[in-house]
Amino acid sequence: QVQLVESGGGLVQAGGSLRLSCAASGPTFGIYFMGWFRQAPGKEREFVARISWSGRSTTYADSVKGRLTISRDSAKNVVYLQMNSLKPEDTAVYYCAAGRVGGPRGYEWDFWGQGTQVTVSS
């Protein structure tokens with residue numbers, strides 16, 4: 001069973017930065033993509049970004065392109081989401097995900113972390 005643990009959430013002012021981390025453990029041989037989703041109160045779960053297991057390919061939602069960057073460390077066991085120029089609309093619980101497909105729909109992913117809260121004040 002793949003286990004994903006997020007960290008790094010917190011409270012920042014608009015325009016500030018945060019870096020989220022997702023540590024993966026367990027059998028990852030069937031994982032081709034790692035990604036981030038977010039869910040604000042009263043809203044649907046939203047795709048944010050994905051990265052191939054190798055780290056060679058990335059995909060972003062239009063709403064975060066240019067502000068958020070997904071990456072992996074050299075050991076390929078931690079995925080990061082560097083969040084810059086944060087806006088109040090970025091406020092949400094951010095979830096790390098892993099799977100074979102890595103599409104924009106949540107059901108296309110196989111494993112999920114517990115989530116970490118990001119709050120951006122105006």
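- Side-chain contact between Leu18 and Val118 is present, with heavy atoms from C-beta onward closer than 4.5 Å.
- Put simply, OG1 on Thr59 and CZ on Phe33 are 7.5 Å apart, with the number rounded to the nearest 0.5 Å.
- Put simply, the side chain of Ser21 does not reach to within 4.5 Å of the side chain of Glu6, judged on heavy atoms.
- Checked by atom type and distance alone, the side chain of Ser85 never pairs as donor or acceptor with a backbone atom of Arg67 at under 3.5 Å.
- Counting heavy-atom neighbours within 6.0 Å of Gln13 CD, excluding the residue itself, gives a total of 12 or less.
- Using a 4.5 Å heavy-atom cutoff, the side chains of Trp112 and Cys96 are not in contact.
- Under the 4.5 Å side-chain criterion, counting only non-hydrogen atoms from C-beta, Gln3 is not in contact with Phe111.
- Using a 4.5 Å cut-off on side-chain heavy atoms (C-beta onward), Tyr80 and Ile70 make no contact.
- Scanning both residues, Lys65 and Tyr60, for their nearest heavy atoms gives CE-O, 4.1 Å.
- Looking at Thr91 and Arg38, their side chains never come closer than 4.5 Å, going by heavy atoms from C-beta outward.
- In the hydrophobic cluster analysis, where Ile, Leu, Val, Met, Phe, Trp and Tyr join through side-chain heavy atoms closer than 4.5 angstrom, Trp36 is grouped apart from Trp109.
- Taken to the nearest 0.5 Å, the CG atom of Asp110 stands 6.0 Å off from the CD1 atom of Ile31.
- Centroid-to-centroid, the aromatic rings of Phe47 and Phe37 come within less than 6.0 Å.
- For Lys87 and Asp90, the salt-bridge test fails: no basic side-chain N is under 4.0 Å from an acidic carboxylate O.
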